[in-house]
Amino acid sequence: MKFSHLVEINDPLNPLIDALSREQLWRGLVLRAEMPKAFVPYLDGCEILEKSALSMLRELRYGELIVRDRVTFLPQEQIVYHVPQQEGIPESTLTMTIEEPEPEILFVRFDYDDGASEAQDTADAFYNDFRKSAYTESDIDTIRTIRDMAEEGRLG
């Protein structure tokens, strides 16, 4: 399943929403990688196995299920989560890209790719519709959490 959608960050026509700076948004997206439990309530644990300025290797625990992934950073632009194939889990990627079509008008594009073929996507279309909806809601929650962190002064 390949799926992409945008979440609007700053809406200049809505004075009820505090604008986030690109730096605040970036820091929030980085915190999602560094502290995923703050964003994924059903995650039982996360251990960062390796970390550098541009990537990290993590081990995520969901009950008995352990998932390893690599997160790479293109500072102020993009974060890529790559899950290699492992014990019954197919290879997949999630890419979060900050888009700024006009100054201070920010969006985050979420791109999902589970590596399935087009034929498999057709066969799983009904199931994939539910996945797309769940991913969209999760991504909106991610931005909501980032907004909460900004209001608390945790993003600078």
Side-chain angles (χ1 to χ4, degrees), residues 1-62 65-86 89-115 128-156:
M1 177 185 79
K2 292 171 183 49
F3 169 61
S4 178
H5 72 101
L6 282 172
V7 176
E8 185 175 35
I9 307 304
N10 294 336
D11 181 357
L13 301 178
N14 186 349
L16 300 176
I17 296 177
D18 290 334
L20 294 177
S21 70
R22 186 181 196 100
E23 292 74 23
Q24 288 174 309
L25 177 59
W26 175 252
R27 184 68 188 131
L29 293 174
V30 169
L31 284 175
R32 184 187 183 278
E34 294 175 339
M35 301 175 3
K37 284 187 62 123
F39 294 84
V40 183
Y42 51 87
L43 177 67
D44 295 316
C46 174
E47 182 179 353
I48 297 174
L49 305 173
E50 297 174 9
K51 187 173 181 183
S52 72
L54 298 178
S55 73
M56 67 175 65
L57 179 65
R58 309 181 308 169
E59 191 171 85
L60 307 166
R61 189 171 38 81
Y62 302 88
L65 177 66
I66 305 293
V67 177
R68 281 192 175 202
D69 69 358
R70 177 158 303 275
V71 183
T72 56
F73 304 99
L74 178 59
Q76 300 293 322
E77 298 288 332
Q78 187 176 77
I79 297 178
V80 178
Y81 294 80
H82 177 253
V83 178
Q85 183 174 355
Q86 54 198 289
I89 299 171
E91 180 177 10
S92 64
T93 59
L94 164 59
T95 304
M96 298 177 185
T97 306
I98 298 174
E99 297 184 6
E100 191 172 6
E102 296 179 37
E104 298 179 25
I105 305 298
L106 299 171
F107 293 83
V108 176
R109 179 173 302 279
F110 295 86
D111 290 300
Y112 292 87
D113 186 348
D114 69 359
N128 285 342
D129 284 343
F130 286 108
R131 288 175 51 194
K132 289 175 185 177
S133 178
Y135 288 162
T136 299
E137 288 305 312
S138 175
D139 298 337
I140 291 168
D141 285 345
T142 288
I143 300 306
R144 187 176 300 118
T145 301
I146 290 171
R147 285 191 177 287
D148 292 345
M149 290 175 161
E151 286 177 17
E152 294 166 4
R154 296 172 57 192
L155 303 179

Evaluate the side chain to side chain contact (heavy atoms under 4.5 Å, CB included) criterion for residues Ile89 and Leu65: first the C-alpha distance (whole Å), next the side-chain angles of each, then the deciding distance (0.1 Å), finally the verdict.
CA-CA 10 Å; Ile89 299 171; Leu65 177 66; 3.8 Å; yes
From Arg27 CZ over to Leu29 CG, what is the distance, rounded to the nearest 0.5 angstrom?
11.0 Å
Check Arg61 with Glu47, please: is the shortest side-chain N to carboxylate O separation under 4.0 Å?
no
Please test Leu155 against Leu31 for side chain to side chain contact (heavy atoms under 4.5 Å, CB included), starting from the C-alpha separation and ending with a verdict.
CA-CA 9 Å; Leu155 303 179; Leu31 284 175; 3.6 Å; yes
Side chains of Lys132 and His5: does their closest heavy-atom pair fall under 4.5 Å?
no
Begin with the C-alpha distance, continue with both residues' side-chain angles, and end with the deciding distance and a verdict on side chain to side chain contact (heavy atoms under 4.5 Å, CB included) for Val83 and Leu94.
CA-CA 9 Å; Val83 178; Leu94 164 59; over 6 Å; no
Test item: Leu54 and Thr72 side chains (from C-beta on) under 4.5 Å apart, heavy atoms
no
Close side-chain approach of Ile17 and Arg147, heavy atoms under 4.5 Å
yes
Would you name the heavy atoms of Leu60 and Cys46 that are closest together and state the gap between them?
CD2-SG, 3.6 Å
Do NZ/NE/NH1/NH2 and the carboxylate oxygens of Glu137 and Arg144 come within less than 4.0 Å?
no
Side chain to side chain contact (heavy atoms under 4.5 Å, CB included) for Glu34 and Met56? Distances and angles first, verdict last.
CA-CA 9 Å; Glu34 294 175 339; Met56 67 175 65; 3.6 Å; yes
Side-chain heavy-atom pair Arg58, Pro36 within 4.5 angstrom cut-off:
yes
Between Leu6 and Phe107, which heavy-atom pair has the shortest distance, and what is it?
CD2-CB, 3.9 Å
Quick check on side chain to side chain donor-acceptor pair (under 3.5 Å): which of Asp139, Thr95, Thr93 does Tyr112 satisfy it with?
Asp139
Do the side chain of Glu23 and the main chain of Ser21 share a donor and acceptor less than 3.5 angstrom apart?
no
Looking at side-chain heavy atoms only, is the closest gap between Phe3 and Asp114 below 4.5 Å?
no
Distance col, row Leu43:CG vs Met35:CE, nearest 0.5 angstrom, shows 12.0 Å
Find the distance between CZ (Arg131) and CE (Met1) and round it off to the nearest 0.5 Å.
4.0 Å
Donor-acceptor contact below 3.5 Å, side chain Asp113 vs main chain Lys2:
no
Quick check: do His82 and Glu91 have side-chain heavy atoms less than 4.5 Å from each other?
yes
Out of curiosity, Met96 CE to Leu25 CG, how far, rounded to the nearest 0.5 Å?
10.5 Å
Any idea which heavy atoms bring Phe39 and Thr142 closest together, and the distance?
CE2-O, 3.7 Å
Closest approach of Val71 and Ile79, non-hydrogen atoms and distance?
CG1-CG2, 3.5 Å
dist Ile143:CD1 -> Ile9:CD1 (nearest 0.5 Å) comes out at 3.5 Å
Do Gln78 and Arg109 make a side-chain contact, defined as non-hydrogen atoms from C-beta onward lying under 4.5 Å apart?
no
Using a 4.5 Å cut-off on heavy atoms from C-beta on, say whether the side chain of Gln76 contacts that of Ile98.
no
So, Glu100 side chain and Glu104 main chain: donor-acceptor pair closer than 3.5 Å or not?
yes
Would you give the length of the straight line joining atom OG of Ser4 to atom CZ of Phe110, rounded to the nearest 0.5 angstrom?
10.0 Å
Which atoms form the tightest heavy-atom contact between Gln24 and Gly156, and what is the distance?
NE2-O, 3.4 Å
Minimum heavy-atom separation for Leu49 and Glu59, please, with both atom names.
CD1-CB, 4.0 Å
